[in-house]
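Worksheet: the structure to be examined is printed underneath.
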Protein chains: 2
Amino acid sequence: MVNFAKRMDDMSKSAEIVRNLFNAMTDPQIISFSGGAPAVEALPVEIVREISNEVLTRDKRGVEALQYSHPHGLKDLREAVAQKLLAPKGVQADPEDIMIVSGGLETMNLICQVFLDPGDVILVESPTFVHCVEIFEMFQAKCIAVDMDEHGIIPEEVEKKIQEYHPKMVYVIPTFHNPTGRTLTTERRKALAEIGSRYDVLILEDDPYRDLRYSGEELPPIKSFDRTGHTILANSFSKIFSPGARLGYVYADTAIIQKLLDAKTATNSHTAAISQVLCAEFFNRGYFEEHLRNIRDIYRERRDVMIESIDRYLPAGTKRVFPDGGLFTWVELPGNINTTELLKEAVAQKVAFVAGEGFFVEGGGKGQNCMRISFGNVPPEKIRLGMERLGRLIASK
Amino acid sequence: MVNFAKRMDDMSKSAEIVRNLFNAMTDPQIISFSGGAPAVEALPVEIVREISNEVLTRDKRGVEALQYSHPHGLKDLREAVAQKLLAPKGVQADPEDIMIVSGGLETMNLICQVFLDPGDVILVESPTFVHCVEIFEMFQAKCIAVDMDEHGIIPEEVEKKIQEYHPKMVYVIPTFHNPTGRTLTTERRKALAEIGSRYDVLILEDDPYRDLRYSGEELPPIKSFDRTGHTILANSFSKIFSPGARLGYVYADTAIIQKLLDAKTATNSHTAAISQVLCAEFFNRGYFEEHLRNIRDIYRERRDVMIESIDRYLPAGTKRVFPDGGLFTWVELPGNINTTELLKEAVAQKVAFVAGEGFFVEGGGKGQNCMRISFGNVPPEKIRLGMERLGRLIASK
């Protein structure tokens with residue numbers, strides 16, 4: 001039979017991890033802290049039905065929603081991004097430099113198309129989001145880990161690794177980081193933007209959780225410190241609107257957006273217009289602000305219940321991150337418990353998480369006693385129940 | 001500034017052609033025979049609104065439509081493809097071997113990800129669909145043209161080129177071909193499937209127009225003759241449901257689908273669930289059959305008016321294809337008229353088409369006196385008006 005491309009070998013390990021993530025998400029019997037899905041209660045089902053009933057007519061936006069569209073994305077959705085999402089964070093963006101994509105992850109794919117030749121190096125956080133590693137490896141990049149501490153990736157370490165590996169790009173999730181829930185400080189954000197400019201390296205800022213803040217003060221995006229166009233801001237509508245709509249956006253320098261438009265055209269022509277119309281109206285009609293308040297309340301409670309439950313049910317000596325927002329916390333178990341092994345028993349007990357080691361591109365057993373715990377899609381009473389089960393299992397070791 | 005990847009150079013020429021295609025489509029003053037968009041009247045706006053109003057509720061499919069989904073695509077949509085689209089054409093497909101993608105073109109992108117290493121050869125028809133050439137070139141493939149006649153691509157020529165160039169894949173649009181409107185005969189379909197098996201070469205069958213038949217008899221897909229898994233069937237919902245929904249499907253051997261799932265995951269996780277739910281219900285609720293009858297009637301009239309107008313307004317000696325379906329006819333002008341030059345004057349006269357030479361990967365001035373004429377998205381009276389304008393312009397040469 002015809003041979004597969006070499007890149008399919010290069011991505012095989014991370015592809016397997018991601019496949020397992022998907023599978024773990026779908027068994028309804030399990031209390032799952034594994035997926036990164038939003039709360040079912042946070043999906044604006046009624047709003048979307050109301051909007052579609054209102055605008056999907058021939059004299060309003062029905063034809064626009066069903067006809068071919070442009071790779072760039074709908075103008076009023078790009079304007080909503082500039083005005084309602086970026087301007088309040090200190091980022092003054094021309095809507096022409098914003099492009100709509102089919103979900104936040106598509107940006108990583110398109111950035112790879114546009115910038116990566118096989119063998120190019122990408123610096124990633126240690127740990128980092130494995131789904132993006134899968135994308136980087138499909139483009140035959142070499143991912144090099146950079147140390148984090150409780151305040152996020154360490155700029156001095158980034159500089160060292162740049163000097164050693166000459167990467168094309170640094171991939172960072174600065175706010176409520178996946179998988180750890182940590183947030184990069186303002187000073188470090190500024191330092192990263194400057195490092196990008198100084199060393200002529202792209203800073204790929206992936207910021208899908210930023211609007212889900214439940215405590216603490218909002219921090220400026222790395223992009224707000226960028227003076228040379230080296231920072232690319234990628235974001236998603238999955239957490240504030242709907243993952244099923246598959247919508248995201250990227251804001252970058254004009255020259256980069258022009259190339260991304262070609263890559264987008266050669267990927268799938270344009271993003272689903274029906275999703276874009278519904279999302280644009282979600283902003284235009286003023287639903288966004290109240291919806292965001294509502295879902296923050298839902299998630300804040302779940303975050304609090306999760307942290308309480310970890311402190312209550314997991315053994316003494318357990319370390320965990322208190323995330324000011326987002327969907328994840330990161331747990332480090334005491335002793336020699338291997339979470340990959342633990343997960344198998346946990347699933348038999350009908351509770352699931354993601355084992356830590358898959359998030360470390362450097363391997364070598366790092367993160368073996370860690371786990372990513374997602375609290376977003378589990379109601380409070382089930383969070384307690386699930387963590388109690390998990391605590392009992394760990395205590396039996 | 002950071003360098004772009006080498007592939008962006010390789011695709012630059014075809015990317016420019018495709019950009020121009022998109023731009024020509026958007027000036028509302030022009031009677032445009034250039035784009036391949038469906039008729040506005042053929043978009044099921046009322047049906048989609050009715051479905052969304054009915055199913056986008058929490059107790060029906062609202063959560064499924066807005067939540068994360070699976071890279072494979074919704075099961076009932078894949079079943080509808082198997083039962084309502086493939087089985088009637090003699091293709092017995094297991095829904096597990098069908099994958100839903102974000103528009104028909106995404107299949108070409110994913111097939112390239114999975115199979116192509118830089119420098120691999122793809123045989124394409126002469127002429128072929130330039131948007132796919134853009135995709136192939138982004139993956140650094142070398143496209144080699146194979147001669148067609150009025151019955152489509154010539155199998156003996158395919159064999160010769162296989163022996164000479166050792167391609168990985170043959171890309172074919174067998175039914176109401178883009179740009180020519182020609183249809184490949186049954187014997188040649190069978191021959192192509194056998195050539196794929198015999199030479200261990202993939203046959204990528206791109207068949208988005210097949211259900212838009214207005215005359216003549218339906219022909220079996222190439223895939224129906226495939227005994228070894230070398231043929232991959234790609235199709236789209238853009239022409240029978242909605243391009244704005246960005247939905248397509250691919251049917252291939254299990255091993256290929258498994259790899260495509262990894263590539264899809266690393267492209268954009270999954271296809272928009274909201275589009276999939278609406279399209280699945282379009283089939284489940286029995287809208288499809290009547291809608292297809294209605295839009296065939298719309299297009300049949302436009303095809304007939306276009307052919308009449310060509311015969312009436314274009315100069316003696318003009319050759320044109322009488323297409324039994326689809327959205328295009330192919331016109332070859334007599335004499336030395338260069339259609340690329342003609343197009344500039346035509347646009348000034350508020351009528352547009354696509355100049356022929358961009359569809360020939362071999363270059364060398366082939367197709368310089370040809371044009372692709374799309375009749376799908378122009379009402380009959382405007383077809384007459386536009387062709388009269390074009391005829392007058394050509395007569396003035």
Side-chain angles (χ1 to χ4, degrees), chain A residues 1-2 4-8 11 15 18 22 35 37 40 43-45 48-49 52-53 56-58 62-63 65-71 102-103 105-106 109 113-117 134-135 138 168 200-202 229 242-246 259 262-263 265-275, chain B residues 1-2 4-8 11 15 18 22 35 37 40 43-45 48-49 52-53 56-58 62-63 65-71 102-103 105-106 109 113-117 134-135 138 168 200-202 229 242-246 259 262-263 265-275:
Chain A
M1 194 54 195
V2 181
F4 294 117
K6 184 173 178 309
R7 68 176 70 85
M8 298 312 286
M11 73 183 285
V18 173
F22 269 105
V40 168
L43 298 173
V45 176
V48 167
R49 179 161 170 263
S52 59
N53 201 32
L56 293 185
T57 65
R58 254 172 223 283
V63 169
L66 297 193
Q67 187 56 289
Y68 277 114
S69 192
H70 194 278
S102 304
L105 279 169
E106 195 175 80
N109 178 292
Q113 286 283 20
V114 161
F115 282 108
L116 287 199
D117 291 308
E134 182 188 26
I135 298 173
M138 186 168 74
K168 207 146 197 181
D200 197 21
V201 167
L202 297 173
S242 150
R246 292 282 75 209
K259 288 288 180 196
D262 286 344
T265 305
T267 297
N268 46 32
S269 293
H270 65 82
T271 296
I274 189 161
S275 291
Chain B
M1 194 56 197
V2 181
F4 295 117
K6 183 172 178 310
R7 68 175 72 84
M8 298 312 285
M11 75 183 284
V18 173
F22 269 105
V40 169
L43 298 172
V45 176
V48 167
R49 178 161 171 262
S52 59
N53 200 32
L56 293 186
T57 65
R58 256 173 221 284
V63 170
L66 297 193
Q67 187 56 288
Y68 277 114
S69 192
H70 195 279
S102 304
L105 279 169
E106 196 176 79
N109 178 291
Q113 286 283 21
V114 161
F115 282 108
L116 286 200
D117 291 308
E134 183 188 25
I135 298 173
M138 185 167 76
K168 209 147 195 180
D200 197 22
V201 167
L202 296 173
S242 149
R246 293 282 75 209
K259 288 289 180 194
D262 286 343
T265 305
T267 298
N268 46 32
S269 292
H270 65 81
T271 296
I274 188 161
S275 291

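Note that these values count all heavy atoms, side chains included, but never hydrogens, waters or copies made by symmetry. Note that the structure is predicted; figures quoted are calculated from it, not measured.
- Counting heavy-atom pairs under 4.5 Å between each of B:Asp117, B:Leu105, B:Val48 and chain A puts B:Asp117 at the top.
- Taken to the nearest 0.5 Å, the CD1 atom of A:Ile135 stands 7.0 Å off from the OG atom of B:Ser269.
- With chain A as partner, the option from B:Lys6, B:Glu134, B:Arg49, B:Lys168 having the largest number of non-hydrogen pairs under 4.5 angstrom is B:Arg49.
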(message) Between A:Val2 and B:Val201, does the side-chain contact (heavy atoms from CB on, under 4.5 Å) criterion hold? Intermediate values first, please.
(response) CA-CA 7 Å; A:Val2 181; B:Val201 167; 5.7 Å; no

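- A:Arg7 places a side-chain N or O within donor-acceptor distance of the main-chain N or O of B:Leu116, the cut-off being under 3.5 Å.
- The main-chain N or O of B:Gly103 is never found under 3.5 Å from a side-chain atom of A:Asn268 such that the two would form a donor-acceptor pair.
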(message) Apply side-chain contact (heavy atoms from CB on, under 4.5 Å) to residues A:Val40 and B:Gln67 and explain how you reach the verdict.
(response) CA-CA 7 Å; A:Val40 168; B:Gln67 187 56 288; 4.2 Å; yes

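- A:Leu66 and B:Ser242 make their closest contact through O-OG, 2.8 Å (heavy atoms, listed as atom of the first residue, atom of the second, distance).
- By the side-chain contact (heavy atoms from CB on, under 4.5 Å) test, A:Ala263 pairs with A:Leu110, A:Gln113, A:Val114, B:Met138, sequence neighbours left out.
- The side-chain contact (heavy atoms from CB on, under 4.5 Å) check on B:Ser52 picks up A:Ser52, A:Leu56, B:Leu56, B:Leu278, with sequence neighbours excluded.
- The candidate with the highest count of non-hydrogen atom pairs below 4.5 Å against chain B, out of A:Gly62, A:Gly244, A:Ser275, is A:Gly244.
- Counting heavy-atom pairs closer than 4.5 Å to chain A, the top-ranked of the candidates B:Ile274, B:Thr267, B:Thr271, B:Val63 is B:Thr267.
- Taken from CZ in A:Arg246 to OG in B:Ser69, the straight-line distance is 9.5 Å, to the nearest 0.5 Å.
- Contacts with chain A were tallied for B:Pro44, B:Ala273, B:Pro243; B:Pro243 has the most, counting heavy-atom pairs under 4.5 Å.
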